[in-house]
J.: 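Mind having a look at this structure? Questions to follow.
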2 protein chains.
Amino acid sequence: MIRNKTTEYALTILGFMATRNEDMYSAEYLHKQLNIPRRYLRRLLTDLSKHGFLKSTSGRNGGFVFARDLKEINLALVINTLEGYETLCTCILGFSCCIVDKPCIMHDTWMEARSKMVEILSNTTLADLKGKYQMDLIKKTLDGINTV
Amino acid sequence: MIRNKTTEYALTILGFMATRNEDMYSAEYLHKQLNIPRRYLRRLLTDLSKHGFLKSTSGRNGGFVFARDLKEINLALVINTLEGYETLCTCILGFSCCIVDKPCIMHDTWMEARSKMVEILSNTTLADLKGKYQMDLIKKTLDGINTV
DNA sequence: ATATATTACTACCTTTTTGTAGTATTTATT
DNA sequence: AATAAATACTACAAAAAGGTAGTAATATAT
Ligand code: FES
Ligand code: FES
């Protein structure tokens, strides 16, 4: 359930890349934009490539691009991939996974609290974020025209 | 956002104690019931006492009882107390806290996904858990009568 | 060809979290 | 008073997470 800073970084990176329109994103560029430690960022980027989210190009002018369509990457998938399988359906009392036939005391409460969240994360793709971001930009531009 | 095993342990302990009817819970008893490492459990119990959830009694026949009414302890409070202030309202991209006037790309999505969860956790007290647990017991007993 | 700008790999260091050990203190029982 | 059963305190050890360093490999530009 989003235990890692690494997952946060991954979401930052993918979210950032999804909402901009560069042809290619180098680690150095992302480092400068996002303030994620250089070396750690690099490693994470290769990880994200290995996990099939990004595609890397070595050598000069190299960098990272998305390996799949933005519509195919939802936030829950990113979290699950980075934190190991099924972290989004773990028991709140630390049992590795919620067991339906032997639920813990918190099970009902936790299921209810958690499921809505997981649903929204699963239904939000990077493409959706891009859409929202662009709408925001348009709004800001219009505000600028109206106020100045 | 429930990053710690320690928080899980705390919920396990408090949830367990809330749903039973012992006069007093010793660390040793809780250790045996809950399988939380002995020494770590002890420390956590004194922590929970310092935080005002429990009240400890030293010496022989000593142990822990609740320091407050179960109705006054909700799950969000436990999580916040154990993980430091306001972990339940952190930004999903790792900014220390969600800032309304400078939201991140994920803000809207995350707020929506998170708020429902926090709401439920805040509205569930240990007293509610006790109620649910007792209802479960009653149901199981009735089932037993019907099926056997 | 060489220099340069990039990713890839491996090993290590640091910090945080989790877990353990030893000893002191408290209190009921005998 | 002695014993036993409990918590309290402090320091340390182990494991996991986060972060760094050095070097190799790759590919473009000149
Ligand atoms: S079994 Fe614990 S939350 Fe489901
Ligand atoms: S600012 Fe990031 S989730 Fe609110």
Side-chain angles (χ1 to χ4, degrees), chain A residues 1-13 17 22-67 79 81-84 87 90 93-94 96, chain B residues 1-13 17 22-67 79 81-84 87 90 93-94 96:
Chain A
M1 180 60 61
I2 314 166
R3 293 186 119 94
N4 296 320
K5 201 150 197 178
T6 307
T7 310
E8 289 175 354
Y9 287 160
L11 290 172
T12 309
I13 295 164
M17 287 176 61
E22 306 293 329
D23 291 346
M24 181 77 86
Y25 298 82
S26 76
E28 193 55 24
Y29 175 69
L30 291 171
H31 163 67
K32 275 173 188 150
Q33 294 292 317
L34 304 174
N35 262 317
I36 301 170
R38 233 189 224 95
R39 297 305 203 112
Y40 203 62
L41 171 67
R42 280 180 183 288
R43 227 169 49 178
L44 180 50
L45 284 168
T46 45
D47 268 18
L48 289 173
S49 303
K50 282 180 184 162
H51 282 122
F53 293 117
L54 301 178
K55 213 164 39 184
S56 71
T57 314
S58 283
R60 192 163 180 161
N61 298 343
F64 299 85
V65 292
F66 280 105
I79 294 169
T81 307
L82 268 283
E83 306 205 340
T87 30
T90 48
L93 298 190
S96 55
Chain B
M1 181 59 60
I2 314 164
R3 294 188 118 93
N4 296 320
K5 202 150 197 178
T6 307
T7 310
E8 288 175 355
Y9 287 159
L11 289 172
T12 310
I13 294 164
M17 288 176 62
E22 307 294 328
D23 292 345
M24 182 77 88
Y25 298 83
S26 75
E28 193 56 24
Y29 174 69
L30 291 171
H31 162 68
K32 275 173 188 149
Q33 294 293 318
L34 304 174
N35 262 317
I36 300 171
R38 231 187 226 96
R39 297 306 204 112
Y40 202 63
L41 171 68
R42 282 180 181 286
R43 225 167 52 178
L44 181 48
L45 285 168
T46 45
D47 268 18
L48 290 173
S49 303
K50 283 180 183 161
H51 282 122
F53 293 116
L54 301 179
K55 212 165 38 187
S56 72
T57 314
S58 283
R60 196 165 178 163
N61 299 343
F64 300 85
V65 292
F66 280 105
I79 295 169
T81 306
L82 268 282
E83 306 205 339
T87 29
T90 48
L93 297 191
S96 55

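Quick note on labels: first sequence line is chain A, next is B, and so on, each numbered from 1.
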J.: Is any side-chain heavy atom of B:Tyr29 closer than 4.5 Å to a side-chain heavy atom of B:Glu22?
T.: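 Result yes, sub-4.5 Å side-chain heavy-atom pair found.
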J.: Counting any heavy atom closer than 4.0 Å, what does A:Tyr29 reach on the DNA or RNA strands: base, sugar-phosphate only, or nothing?
T.: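 Contact class for A:Tyr29: none.
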J.: Any chance you could measure A:Ile36, atom CD1, to A:Arg39, atom CZ, to the nearest 0.5 Å?
T.: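 Between A:Ile36 CD1 and A:Arg39 CZ, I get 16.0 Å after rounding to 0.5 Å.
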J.: Taking the side chain as every heavy atom from C-beta outward, state whether A:Phe53 and A:Thr81 have any pair of such atoms under 4.5 Å apart.
T.: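 Counting from C-beta outward, A:Phe53 and A:Thr81 do come under 4.5 Å.
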J.: Under 4.0 Å, heavy atom to any atom of DNA chain C: which of residues 56-65 of chain A qualify?
T.: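 Result for residues 56-65 of chain A: A:Ser56, A:Thr57, A:Ser58, A:Gly59, A:Arg60, A:Gly62, A:Gly63, A:Phe64, sorted by number.
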J.: Please list residues of residues 36-49 of chain A whose heavy atoms come under 4.0 Å from any atom in DNA chain C, ordered by number; otherwise none.
T.: A:Arg42, A:Arg43, A:Thr46
J.: Do you know the tightest heavy-atom contact between B:Met17 and B:Phe64?
T.: CE-O, 3.7 Å
J.: Could you tell me the separation between the CG atom of A:Leu54 and the P atom of C:dT6, rounded to a whole number of Å?
T.: 17 Å
J.: Nearest whole Å is fine: how far is C:dT6 C1' from A:Tyr25 OH?
T.: 17 Å
J.: Distance check, rounded to the nearest 0.5 Å: A:Gln33 atom CD versus A:Asn35 atom CG?
T.: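 Interatomic distance, A:Gln33 CD to A:Asn35 CG, rounded to 0.5 Å: 9.5 Å.
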J.: Any sub-3.5 Å donor-acceptor pair from A:Tyr9's side-chain atoms to A:Leu44's backbone N or O?
T.: no
J.: Quick check for you: to the nearest 0.5 Å, what is the distance between B:Leu82 atom CG and B:Thr7 atom OG1?
T.: 4.5 Å
J.: Would you compute the distance between atom CD of A:Glu83 and atom OG1 of A:Thr90 and round it to the nearest 0.5 angstrom?
T.: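 These two atoms lie 9.0 Å from each other.
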J.: Which part of the nucleic acid, if any, lies within reach of B:Lys55 when heavy atoms closer than 4.0 Å are counted: base, sugar-phosphate only, or nothing?
T.: nothing
J.: Can you give the first and last nucleotides of DNA chain D, 5' to 3', that have an atom under 4.0 Å from a heavy atom of chain B?
T.: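 The footprint of chain B covers D:dA4 to D:dA11.
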J.: Within this structure, what is the CD1-CG distance for the pair A:Ile13 and A:Leu45, rounded to the nearest 0.5 Å?
T.: 5.0 Å
J.: So, taking the atom named NZ in B:Lys5 and the one named CG in A:Leu93, what distance separates them when rounded to the nearest 0.5 Å?
T.: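 Going from NZ on B:Lys5 over to CG on A:Leu93, the span is 12.5 Å.
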